[in-house]
Structure formats: structure tokens, C-alpha cells
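This report concerns only the one structure given below.
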Amino acid sequence: ETFVFCFCAHPPFALPFSTMNFLEILIIAVGVSMDAFAVAICKGLSVREINWKQALCVALWFGGFQALMPVAGYYLGVGFADIVSAVDHWIAFVLLTVIGGNMVKESFSKEALRVDADFSARTMFAMAVATSIDALAIGVSLAFLGVNIWESVSIIGVTTTLFSAVGLYIGNAFGSRYKSKAEFSG
């Protein structure tokens, strides 16, 4: 059995890695990357032509934050693990249920994040944070489940990076193809 040693405010303790497999982590990665994917599509719709620098910018901002936030959540969860160890599996269950419910609710919401052709650091930072809040809670859940955080965030980060780049190009392709028709019918 493999152990990870975590150094917190208290003496170090070991959490055994869970038996969560690659497919299960990939499913979580795809789920948390959907907000970034949707925003990347909208970003692509707002730009006349996409270049590789813009695609790299969107992919790295979104993928980077989707990887960073679970690490922050993981260490937050590990810090409280000794306090809540008796009910940690229920906390993980509730967090994942709330996140899933929130994703379903957002899919029916009319509210949208304002997206334009601005690729400045300020704009990308705000969008990256807004799309990665769920990943923070995922990190807390992963800590309570004893999952290898570095393997998990690698999968989450790479998945989001790819989805974001592809989303930017998909949005741009649809925007270029249907923009004049939409303007004409409007």
C-alpha cells in the first residue's frame, strides 16, 4: 500500500491512496473542465480569427487554474483531516453531490459569464478563477478520499487544457460560419 506524507500545522500523518482509478479521475476531470470549455467556446465566438498564442493563453490559464485549485483544496482538506476523520467520507459525498447538483442547475440557468475578445491577464485571471471554484471543492473531496493529488491534478489540468483549446477553436469555427447568417436573421 502506498502512503503520502502530509505536513500540516499538526505532526505529519499518512493518508493511504485510495483505489480511485484513472477512468474515475478522468470523469471528474471532464466534469470540472466543462465550465472552462463553455467559456472557451464563447471566447472563440467573440474573436474573428484565432491564433496559436490566444489558444495557448486560454488553455494555460484555464488548465493551470483547474490544476491549482484542487491542490489548494486538497491541502485545506488535509489540514482538517484529523478533526473530521470520523465523517470525512460523508463530507466528500456531500461536496461531490453539491458540485454535481450545481453543475446541473447551471446547465439550466439563463445567467451567463460576460465573455469578449479580451485576452489580457486581468480578464483571463477573472475567468480562470470563476471557472475553477468547483475544482477547489473537488480538491477537498480528494483529500478526504485519500487520492494521490499529483496524479489527479495532472489529469484534471491536462484535460482542461485540451478542452479549453478545442473549445476556443470550436467557438471560433461556429462564429465564423454562422455570424453573418445570425446577423441577417436578426
Side-chain angles (χ1 to χ4, degrees), residues 25-80 91-145 147 149-150 152-176 179:
I25 295 170
L26 182 62
I27 290 168
I28 290 171
V30 169
V32 297
S33 69
M34 287 296 107
D35 282 349
F37 180 66
V39 172
I41 288 174
C42 294
K43 197 81 164 145
L45 286 167
S46 70
V47 179
R48 186 175 303 270
E49 285 186 40
I50 299 291
N51 63 46
W52 68 271
K53 289 179 183 177
Q54 292 166 325
L56 188 63
C57 174
V58 168
L60 291 179
W61 273 102
F62 290 165
F65 269 82
Q66 289 286 5
L68 179 66
M69 293 297 248
V71 172
Y74 180 86
Y75 284 106
L76 183 66
V78 165
F80 292 104
I91 294 171
F93 172 75
V94 168
L95 282 172
L96 291 173
T97 302
V98 168
I99 291 166
N102 190 41
M103 288 176 156
V104 170
K105 185 184 102 184
E106 285 177 1
S107 71
F108 293 106
S109 175
K110 302 275 188 243
E111 188 178 318
L113 182 65
R114 187 180 153 272
V115 180
D116 58 23
D118 185 9
F119 287 89
S120 70
R122 182 179 182 170
T123 298
M124 294 307 300
F125 176 79
M127 288 193 300
V129 169
T131 59
S132 65
I133 296 298
D134 290 351
L136 182 73
I138 292 291
V140 173
S141 297
L142 294 177
F144 291 145
L145 295 172
V147 173
I149 190 62
W150 302 113
S152 300
V153 298
S154 297
I155 295 167
I156 291 169
V158 168
T159 302
T160 304
T161 298
L162 294 173
F163 271 74
S164 299
V166 169
L168 188 70
Y169 282 105
I170 288 172
N172 187 254
F174 278 98
S176 298
K179 185 176 182 175

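- Cation-pi contact between Lys53 and Phe119: absent, since separation from the ring centre below 6.0 Å together with deviation from the ring axis within 45° is not met.
- Remark: the Asp118 side chain and the Thr123 side chain contain an N/O donor-acceptor pair separated by less than 3.5 Å.
- Here the CG atom belonging to Asp134 is positioned 12.0 Å from the CD1 atom belonging to Ile28, to the nearest 0.5 angstrom.
- Judged as a side-chain contact (heavy atoms from CB on, under 4.5 Å), and not counting sequence neighbours, the contacts of Ala59 are Thr161, Ala165.
- A ring-ring contact (aromatic ring centres under 6.0 Å, His included) check over residues 40-60, counting only residues at least two apart or in different chains, returns nothing.
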Tyr169 vs Ile50, side chain to side chain contact (heavy atoms under 4.5 Å, CB included): CA-CA, chis, key distance, verdict: CA-CA 7 Å; Tyr169 282 105; Ile50 299 291; 3.5 Å; yes
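- The two atoms that bring Phe163 and Ser33 nearest to each other are CG-OG, 3.9 Å, heavy atoms only.
- For the side-chain contact (heavy atoms from CB on, under 4.5 Å) test, residues two or more places apart in sequence or in another chain that qualify with Val129 are Phe65, Phe125, Ile133.
- Proximity of a side-chain donor or acceptor of Gln66 to a complementary backbone N or O of Ala135 within less than 3.5 Å is not detected.
- Of all non-hydrogen atoms in Glu49 and Gln54, the two that sit nearest each other are O-OE1, 3.3 Å.
- Under the side-chain contact (heavy atoms from CB on, under 4.5 Å) criterion, Ser152 pairs with Ile25, Leu142, Val147, not counting sequence neighbours.
- Of all the heavy atoms in Ser164 and Phe62, the pair that sits closest is OG-CB, 3.3 Å.
- With hydrogens and angles ignored, the 3.5 Å screen pairs no side-chain donor or acceptor of Asp35 with any backbone N or O of Ser132.
- Closest approach of Ala72 to Leu136, counting heavy atoms only: CB-CD1, 3.9 Å.
- In this structure, the side chain of Ser46 engages the main chain of Lys43 through a donor-acceptor pair within 3.5 Å.
- Taking OH from Tyr74 and CH2 from Trp150, the interatomic distance works out to 9.0 Å, rounded to the nearest 0.5 Å.
- For the pair Gly157 and Ala67, the tightest heavy-atom approach, listed with the atom from each and the gap, is CA-CB, 3.9 Å.
- With sequence neighbours excluded, the residues forming a side-chain contact (heavy atoms from CB on, under 4.5 Å) with Ala29 are Ile155, Ile156, Thr159, listed by chain and number.
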Residue pair Val30, Phe37: steps toward the side chain to side chain contact (heavy atoms under 4.5 Å, CB included) verdict: CA-CA 9 Å; Val30 169; Phe37 180 66; over 6 Å; no
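- Scanning all heavy atoms of the two residues, the minimum distance from Asn172 to Val47 falls at ND2-O, 2.6 Å.
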